[in-house]
Number of protein chains: 2
Amino acid sequence: MRPSDLPEIRHLPLFSEMLQANFEQLMQGAYAQNFPAGVELIHQGDPADFLHIVVEGAVELFAEWGGQSCTMALVQPVGTFILAACIKDAPYLMSARTLEKSRIILIPAPDLRAVFRRDPEFAVSTINELAGCYRAVVRHAKGLKLRSSRERVAAYLVKHLRRVAPRQCFDLPVEKRLIASYLGMTPENLSRTLRLLEADGVTVLGTRVTVTDYARLAAVAQPDPLLDGPDP
Amino acid sequence: MRPSDLPEIRHLPLFSEMLQANFEQLMQGAYAQNFPAGVELIHQGDPADFLHIVVEGAVELFAEWGGQSCTMALVQPVGTFILAACIKDAPYLMSARTLEKSRIILIPAPDLRAVFRRDPEFAVSTINELAGCYRAVVRHAKGLKLRSSRERVAAYLVKHLRRVAPRQCFDLPVEKRLIASYLGMTPENLSRTLRLLEADGVTVLGTRVTVTDYARLAAVAQPDPLLDGPDP
DNA sequence: TCATTAAATTGACAAATATCAATCATATCA
DNA sequence: TGATATGATTGATATTTGTCAATTTAATGA
């Protein structure tokens with residue numbers, strides 16, 4: 001574990017409120033590992049051994065069934081994943097792979113479970129973290145069921161325009177095939193949809209997204225905090 | 001609050017481990033209410049005031065956007081809902097309505113938040129409850145993205161055959177239009193799909209489902225605990 | 001730099017799913 | 001019990017989305 005990792009982790013909402021002694025103990029059992037891009041960190045169905053924290057790089061959470069695969073979430077620094085499986089001591093529901101060269105902190109699941117039994121502040125933080133994760137998946141499921149693929153794409157663009165940059169343009173954070181999979185559609189369908197959205201005030205050239213008419217795009221997306229998350 | 005309500009609630013995993021004193025305090029602020037069928041208990045977007053517990057009847061959680069609506073979950077006795085919104089003190093992501101005459105216990109959200117800060121056992125139970133809810137939605141989202149509607153219907157039947165009754169037949173727990181909405185399809189599509197599944201060892205007459213060839217149906221559904229939940 | 005691989009795009013087509021309308025069945029209630 | 005409303009089913013059709021194949025574009029590494 002690198003000394004510079006600690007403050008970053010300590011500042012995560014999940015760890016910021018707990019007692020220093022407990023944090024130190026948690027970190028004592030933890031270790032860091034560097035992975036190249038494209039490494040499968042965990043495989044769905046395996047027993048949950050470690051809470052994972054992405055310190056550098058990017059990780060894709062994906063799911064497989066019947067020979068297919070789909071992206072479920074993207075974790076970027078500094079973020080944790082598969083907390084719920086660790087807590088329930090249950091098999092992972094999702095697999096995870098690095099999208100780029102990544103640095104991951106691993107905290108043994110039993111340590112985690114032991115500490116939140118002792119440290120009420122950490123328990124409260126865990127509760128808040130889980131509640132947040134739950135709400136994020138509910139929003140995602142709502143989007144899948146209530147919006148058409150065109151609306152999902154528009155909403156994705158609006159969301160990133162507001163979050164990543166308040167300006168008229170931004171770069172897509174990952175490959176389009178991942179975005180397509182995350183949005184529950186094929187790459188071909190995404191490609192065509194982006195082309196069609198040019199009539200609604202947005203142009204995509206490579207990874208560069210330029211919004212020429214926000215109102216028009218928003219009219220397609222109908223952004224809603226109950227589907228897209230809170231405004232900031 | 002009826003005296004007979006208490007033991008039932010106390011036996012819920014969420015409340016079974018906490019100190020009696022804290023349970024009593026929680027129940028002191030709580031109250032019960034009886035509702036006829038078809039009442040909207042909560043509306044998405046409203047601030048989260050109360051944790052809801054269904055003691056009798058049945059409640060549908062649904063979501064709305066752009067003039068459409070879809071079923072997200074079904075809560076039956078004895079079960080809780082919208083815990084996450086209460087914890088985060090955030091707007092409800094889903095609306096809820098009674099499907100039949102129902103008896104609901106309401107626990108003020110601030111009481112809830114106060115008690116799990118004091119009672120570590122309750123905090124741990126809350127963590128487990130939330131982790132379970134999270135995993136349930138993840139499984140639901142996986143099903144929506146990875147399975148076709150035919151496969152979702154088959155999986156739904158297999159799941160209920162194993163859960164509700166180990167025998168060859170059972171009754172659908174709710175109206176077909178709700179099942180369709182829950183599975184992310186139209187009632188017409190569900191109707192046709194059920195007819196087509198007759199070639200795969202299942203017959204549906206009204207609400208009665210009869211499975212004549214489990215192996216065949218299971219071959220369509222490819223049941224998987226990572227999508228359908230644990231076996232029991 | 002070029003060669004090689006992977007991703008993105010495009011077109012033609014097929015399949016899945018939704019929509020609309022009509023009918024049938026079922027439940028509810030006066 | 002019969003009248004009425006609601007849900008379920010069915011057929012015809014439109015729309016959406018996926019699949020397959022071919023090509024272009026971009027990224028990567030020797």
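Protein chains get the first letters and strands the later ones, always in sequence-line order, with residue 1 at the start of each.
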* Asked: What one-letter contact string describes nucleotides 22-29 of chain C from 5' to 3', where B marks a base within less than 4.0 Å of any protein heavy atom, S marks contact via sugar-phosphate atoms alone, and - marks no contact?
  -> --------

* State which residues pass salt bridge (charged side-chain N to carboxylate O under 4.0 Å, His left out) with B:R2; sequence neighbours excluded, sorted by chain then number. => B:E56

Return a table of donor-acceptor pairs under 3.5 angstrom between the side chains of residues 219-232 of chain A and protein atoms on other chains or two or more places apart.
{"from": "A:D224", "atom 1": "OD1", "to": "A:L226", "atom 2": "N", "distance (Å)": "2.7"}
{"from": "A:D228", "atom 1": "OD1", "to": "A:R147", "atom 2": "NH2", "distance (Å)": "2.4"}
{"from": "A:D228", "atom 1": "OD2", "to": "A:R147", "atom 2": "NH2", "distance (Å)": "3.3"}
{"from": "A:D228", "atom 1": "OD2", "to": "A:D224", "atom 2": "N", "distance (Å)": "2.8"}

* Taking only residues two or more places apart in sequence, or in another chain, which ones meet A:I42 in a side chain to side chain contact (heavy atoms under 4.5 Å, CB included)? -> A:H52, A:F81, A:I82, A:Y92, A:A96

* Using atom CG of B:L172 as one end and atom C1' of D:dG7 as the other, report the distance to the nearest whole Å. => 13 Å

* Does the side chain of B:V158 come within less than 4.5 Å of B:Y214's, by heavy atoms? -> yes

* To do: Rounded off to whole Å, could you give me the CG-to-P distance for the B:L144 and C:dA16 pair?
  => 18 Å

* Asked: Just by protein heavy atoms under 4.0 Å, how would nucleotides 12-24 of chain D read 5' to 3' in B, S and -?
  -> B----SSBB----

* To do: Among residues two or more places apart or on two chains, list those pairs meeting salt bridge (Lys or Arg N to Asp or Glu O under 4.0 Å) that have a residue in residues 59-84 of chain A.
  => A:E60-A:R97

* Asked: D:dT9 P sits how many Å from B:E198 CD, rounded?
  -> 10 Å

* Asked: Can you check the B:L194 CG to D:dT10 C1' distance for me, whole Å?
  -> 14 Å

* Structure fact -> Heavy atoms of B:R150 and B:L197 approach each other most closely as NE-CD2, 4.1 Å

Anything under 3.5 Å between a protein N or O and an N or O of nucleotides 3-7 of chain C, put it in a table, one pair a line.
{"from": "C:dA7", "atom 1": "OP1", "to": "A:R177", "atom 2": "NH1", "distance (Å)": "3.2"}

* **Whole-Å gap separating C1' (C:dT17) and CZ (B:R195)** => 18 Å

* Asked: D:dA26 C1' sits how many Å from A:R208 CZ, rounded?
  -> 17 Å

* Whole-Å gap separating C1' (C:dA16) and CG (B:L197) -> 15 Å

* Structure fact -> Applied to residues 98-109 of chain B, the side-chain hydrogen bond (donor to acceptor under 3.5 Å, both in side chains) test, sequence neighbours excluded, yields B:D5-B:R103, B:N34-B:R103

Using a 3.5 Å cut-off and no angle test, enumerate the donor-acceptor pairs between side-chain atoms of residues 130-140 of chain B and protein atoms at least two apart in sequence or in another chain.
{"from": "B:R135", "atom 1": "NH1", "to": "A:P91", "atom 2": "O", "distance (Å)": "3.0"}
{"from": "B:R135", "atom 1": "NH2", "to": "A:P91", "atom 2": "O", "distance (Å)": "2.8"}
{"from": "B:H140", "atom 1": "NE2", "to": "B:Y182", "atom 2": "O", "distance (Å)": "3.1"}

* Structure fact -> Those residues at least two apart in sequence (or on a different chain) that pass side chain to side chain contact (heavy atoms under 4.5 Å, CB included) with B:L196 are none

* Asked: Applying salt bridge (Lys or Arg N to Asp or Glu O under 4.0 Å), which residue pairs with at least one partner in residues 30-54 of chain B are found, sequence neighbours left out?
  -> none

* To do: Could you pull out all residues at least two apart from B:R195 that satisfy side chain to side chain contact (heavy atoms under 4.5 Å, CB included)?
  => B:E198

* Asked: Atom CG of A:L205 and atom C1' of C:dT9: how far apart are they, to the nearest Å?
  -> 13 Å

